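Reviewing the structure listed below.
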Protein chains: 2
Amino acid sequence: MSLELTPVQTVACCSPLAREPLSEKEADGVAPLLKALADPVRLRLMSLVASHEGGEACVCDLNDAFELSQPTISHHLKVLHEVGLLDREKRGVWVYYKARTEALQNLAALIGGQAQ
Amino acid sequence: MSLELTPVQTVACCSPLAREPLSEKEADGVAPLLKALADPVRLRLMSLVASHEGGEACVCDLNDAFELSQPTISHHLKVLHEVGLLDREKRGVWVYYKARTEALQNLAALIGGQAQ
DNA sequence: CAAAGACATAGACACATGTAAATATTTACA
DNA sequence: TGTAAATATTTACATGTGTCTATGTCTTTG
C-alpha cells in the first residue's frame, strides 16, 4: 500500500468571498479545506509544520507537542493531508509532513481578498 | 430582549501560521472562527453578504438564495454573528447582516501570512 | 386591538467528528 | 530472522452539528 493513495487535490478556486457570491459548487469545494483547519489541534499541527525549518516536520516531533495519543495525531495529520494542506513523505522509519504554502495562500486570498 | 446580547469578539490574534507555532490558547481562539466558515451554506451566506452592496444584506434576500428552511438560515447567520464575522442590525421589520471585513482580513493574514 | 409578516428560539433526530485502546504495518538493525 | 521503533488503521463511543417542525416575539398596518 503506497503513501500516494490519497489523491492530491487542487486547492485553487475562485474569486474572493467579498467580490461575488460563491456558487454552491465552489462552497462545497472550499468548505472541506476550512473544516480541516477548523480544529485547534489541526491548526497547531499546521502551524508547527509550516513554521518549522523548511516548512516540514517529522511526526515524531509533532506527537510530543500534544498531550494526545499517537493515533489521534496521526488521524489529524491524515485529515490535513487528504484535503491537500500537507504533503507527506516517508524517509526511512520517519514520516515528514510538509506545508502546502500555495494552498494556504489561496485560501487566504479567498477569505481576505478585497472586493473588486 | 435586545439584539446586542451576543458580545462582539475581537477577532485579531497572532502572527501568521507559518511564522511561529500557534499556542494552544491562540488556536482555541481562532478555531471557532474557522469552524463558523467551514460550512458550505455559511460560506455562501458570508459571501452573499460580503459581496452585496455596502457589504450588507437583509435576511429576506438571503433566505431566497437557498432551498433551506428559514430557521436553518437563521441558525447559520447566528453562528456567523456569534463569532464576530457578521454584524447585525434591525431596521423596522427587517434584519440586516453586515460583513466584518477586518475579521475576514485578520483571518486571511493568519492563514496566508508570509513566514518572516 | 387584531392580523399578518419577518425573524428568532426550542426541541428533536440523524449523522459527523474527536478521541482512545488495540492492533497492524513498515523499517532498521542485531 | 527476530525484535524494537515509528507510524497507520480499525473499532468503538461520547459529543457536536445541520436540518426540520412547531412555536414564540416583535413590528407594522388595518
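Treat the numbers as computed from the prediction; the structure is a model and nothing was measured. The figures here come from the full heavy-atom set of this structure, side chains too, leaving out hydrogens, waters and symmetry mates. Chain letters run A, B, ... following the sequence lines, proteins first, then strands; residues in each count from 1.
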List every contact pair, protein side and nucleotides 3-7 of chain C side both N or O, where the distance is under 3.5 Å.
unit_1: C:dC7; atom_1: OP1; unit_2: B:V95; atom_2: N; d: 3.2
unit_1: C:dC7; atom_1: OP2; unit_2: B:C60; atom_2: N; d: 3.1

- Message: Applying a strict under-4.5 Å side-chain criterion to I, L, V, M, F, W and Y, I'd like to know whether A:Y96 and A:M46 cluster together.
- Response: no

- Message: Could you tell me how far apart A:E89 (CD) and C:dT26 (P) are, to the nearest whole angstrom?
- Response: 18 Å

- Query: For D:dT9, does either OP1 or OP2 sit under 4.0 Å from a side-chain N or O belonging to A:K78?
  - Reply: yes

- Message: Could you tell me how far apart B:K35 (NZ) and C:dT17 (C1') are, to the nearest whole angstrom?
- Response: 9 Å

- Send over the distance from B:E67 CD to D:dC20 P, rounded to a whole Å. 10 Å

- Query: When the nearest nucleotide of DNA chain C is assigned to A:R91 and to A:T72 on a heavy-atom basis, which residue is associated with the more 5' position?
  - Reply: A:T72

- Look through every strand shown and name the nucleotide pairing with D:dA14 as Watson-Crick or G-U wobble, where both distances are under 3.5 Å. C:dT17

- Message: Ignoring hydrogens, what is the shortest heavy-atom contact between B:A36 and B:V83? Give both atom names and the distance.
- Response: CB-CG2, 3.6 Å

- Query: Taking atom CD1 of B:I111 and atom CG of A:L85, what is their separation to the nearest 0.5 Å?
  - Reply: 9.0 Å

- Item | Residue from A:L45, A:L48, A:L43 passing side chain to side chain contact (heavy atoms under 4.5 Å, CB included) with B:L22 | A:L43

- Message: Any non-hydrogen side-chain atom of B:V30 less than 4.5 Å from a side-chain atom of B:L107?
- Response: yes

- Give B:R42 one of three labels, base, sugar-phosphate or nothing, depending on what nucleic acid heavy atoms sit under 4.0 Å from its own. sugar-phosphate

- Which part of the nucleic acid, if any, lies within reach of B:I73 when heavy atoms closer than 4.0 Å are counted: base, sugar-phosphate only, or nothing? nothing

- Note on the structure: B:L80 CG to D:dG18 P, in whole Å, measures 10 Å

Side-chain donor/acceptor pairs under 3.5 Å, residues 61-73 of chain A, sequence neighbours excluded:
unit_1: A:S69; atom_1: OG; unit_2: A:T72; atom_2: N; d: 3.3
unit_1: A:S69; atom_1: OG; unit_2: A:T72; atom_2: OG1; d: 2.8

- Query: Could you state the CG-P distance from A:L77 to D:dT7, rounded to the nearest angstrom?
  - Reply: 10 Å

- Message: Under 4.0 Å, heavy atoms only, any strand: does B:H76 hit a base, just the sugar-phosphate, or nothing?
- Response: sugar-phosphate

- Could you state the atom-to-atom distance from NE2 of B:H75 to P of D:dG18 in whole Å? 5 Å

- Round to a whole Å and report the spacing from CZ of B:F66 to P of D:dT19. 10 Å

- Item | Protein-nucleotide distance (A:K90, atom NZ; D:dA8, atom P), rounded to Å | 8 Å

- Shortest non-hydrogen separation from A:R42 to A:K35 and the atoms involved: NH2-O, 3.3 Å

